[in-house]
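First the structure, in the form of structure tokens, and then the observations on it.
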Amino acid sequence: MDLAAPAGAPKLNADAPWDAFDPHAYIDRNYRELLDVDAEIIAYVRDHFSDHFRGHFERPVLGIDVGAGANLYPALSMLPWCKEITQLELSRANVEYLREQRVNFDPGWDSFWRVLREGPAYRDIDENRRARFADAVRVERGNLFDLVRRPAHWAIGTMFFVAESMSDSHAEFRRGVACFMRALAPGAPFAAAFMARSTGYDVGDEHFPACDVDELQVHQSLRPYAGKVAVLGLKKPTDMVRPGHEGMILALGHRNSVVHF
Ligand SMILES: C[S@@+](CC[C@H](N)C(=O)[O-])C[C@H]1O[C@@H](n2cnc3c(N)ncnc32)[C@H](O)[C@@H]1O
């Protein structure tokens, strides 16, 4: 009897080979060099978090980067204000990569840091950034869907290319966004990035599923959990480093005060 899923059947999060995700192949494809679109995203995120904390930063807070994978810049973007940053990640291979990077991150991430350093809060910790990062980061192997057990826990959060890049199910996309948002405390600033209209992606020899979303669907998924949210469509990188999509979507906002269960 053939128990394989029929062609065209939805590929759910639990079906994809996350432990076979090759972080080095992923970096080679996406983050070996700083692309203009990432520089644009980083600048928006830097300004959003800086605006939030300017003038009312009392004490360092807890931050979370959900589905951190092999990307350090979301965690770096929270560094000036965090005493602890949880990098939550499901894949064993990515967890191993993140644990190595925590101690002394690769010089390749410095070109991403240089965009952050244009903000004064980042400049203030420039010389100590590696020690600060090593001190703050906690790499946690876990499933984003389990964040429902830790509501309103984190005071700042990021989730980059995860909810739409972990299955081809729109229901799981919405659930992923909801789990991320519910984990944030009322008023917490957040940044979330999404591939626009993705058809899935290859990392090394493995194929991973994605869910085809546009700006409106991103906005609709966030609106119940965010007071104000800006959703920005960003151009597709001209060099096609990430094929199979139509650009990127960045959402910036604050968790609203209503905790939804
Ligand atoms: C496309 S990658 C994005 C990685 C990184 N955030 C970035 O900005 O490039 C998707 C990531 O989500 C992780 N992931 C997939 N399903 C997950 C789940 N249920 N819980 C936590 N992480 C998950 C994958 O292992 C992978 O690292």
Side-chain angles (χ1 to χ4, degrees), residues 11-35 37-42 44-45 63-78 85-99 101 105 108-109 112 137 139-150 154 157-169 171-180 182-183 190-196 198-204 206-211 213 234 237 241-245 248-251:
K11 188 145 188 185
L12 297 178
N13 183 243
D15 300 332
W18 298 112
D19 284 343
F21 195 108
D22 178 344
H24 300 286
Y26 185 74
I27 287 171
D28 284 345
R29 192 168 189 133
N30 296 297
Y31 301 126
R32 193 54 70 197
E33 282 168 17
L34 174 67
L35 301 180
V37 70
D38 286 303
E40 199 178 349
I41 288 175
I42 292 168
Y44 275 120
V45 175
I64 184 167
D65 180 33
V66 172
N71 182 5
L72 302 196
Y73 79 66
L76 288 169
S77 75
M78 297 186 276
I85 300 172
T86 301
Q87 289 180 318
L88 184 78
E89 171 53 49
L90 184 65
S91 155
R92 285 179 201 279
N94 285 340
V95 163
E96 195 177 316
Y97 172 80
L98 292 168
R99 291 198 169 130
Q101 293 296 308
F105 61 78
W109 294 108
F112 298 81
V137 164
V139 181
E140 181 179 326
R141 181 159 186 261
N143 193 320
L144 111 87
F145 294 132
D146 293 335
L147 287 175
V148 285
R149 300 201 197 106
R150 291 141 99 182
W154 285 275
T158 52
M159 182 173 69
F160 275 50
F161 312 117
V162 178
E164 84 300 354
S165 294
M166 61 177 192
S167 103
D168 67 8
S169 151
E172 284 197 323
F173 160 72
R174 288 190 297 272
R175 207 172 124 218
V177 170
C179 287
F180 167 59
R182 288 172 176 177
F190 69 86
F194 307 85
M195 291 295 179
S198 178
T199 54
Y201 55 106
D202 293 328
V203 181
E206 298 289 344
H207 184 75
F208 292 90
C211 176
V213 295
L234 303 171
V241 164
R242 293 163 175 143
H245 68 94
M248 297 180 198
I249 300 169
L250 177 65

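Start at 1 and go down the list; that is how both ligands and their atoms are numbered.
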Salt bridge flag under 4.0 Å for residues [X] and [Y]:
X	Y	result
R32	D28	yes
R175	E164	no
D19	R141	yes

Examine [X] against ligand 1 and note whether any of their N/O atoms are separated by less than 3.5 Å.
X	value
F160	yes
S165	no
Y201	no
V66	no

Between W109 and Y31, how do the two ring planes meet: parallel, tilted or perpendicular, split at 30° and 60°?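 W109 and Y31: tilted rings.
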
Applying a heavy-atom cut-off of 4.0 Å, say which part of [X] lies close to ligand 1: side chain, backbone, both or neither.
X	result
N13	side chain
N143	both
W18	side chain
P74	neither
Y26	side chain
N94	side chain

For T158 and S77: C-alpha separation, side-chain torsions, deciding distance, then whether side-chain contact (heavy atoms from CB on, under 4.5 Å) applies. CA-CA 9 Å; T158 52; S77 75; 4.1 Å; yes

Close-contact set for ligand 1 against [X] heavy atoms, below 4.0 Å:
X	value
Y31	7 (C), 8 (O), 9 (O)
G69	4 (C), 27 (O)
L90	16 (N), 17 (C), 18 (C), 19 (N), 20 (N), 21 (C), 22 (N), 23 (C)
S91	25 (O)

Measuring from C179:SG to M159:CE, what's the distance to the nearest 0.5 Å?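 Between atom SG of C179 and atom CE of M159 there are 9.0 Å.
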
Checking I42 against F112 for the side-chain contact (heavy atoms from CB on, under 4.5 Å) test, could you report, in this order, the C-alpha distance in whole Å, the side-chain angles of both residues, the deciding distance, and whether it holds? CA-CA 8 Å; I42 292 168; F112 298 81; 3.6 Å; yes

If only atom types and distance count, is the side chain of W18 paired as donor or acceptor with the main-chain N or O of R92 below 3.5 Å?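 Checked: no pair found.
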
Could you tell me whether Y26 and F21 have their ring centroids closer than 6.0 angstrom?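 Ring-ring flag for Y26/F21: true, centres closer than 6.0 Å.
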
Decide if the gap between the ring center of Y73 and the ring center of F160 is smaller than 6.0 angstrom.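 Yes, close enough.
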
Considering E89, M195, M159, which one's heavy-atom position lies nearest to atom 13 (C) of ligand 1?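 Minimum heavy-atom distance to atom 13 (C) of ligand 1 goes to E89.
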
Can you figure out which of G176, G142, G67, P23 has its heavy atom closest to atom 4 (C) of ligand 1?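 Among G176, G142, G67, P23, the closest heavy atom to atom 4 (C) of ligand 1 belongs to G67.
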
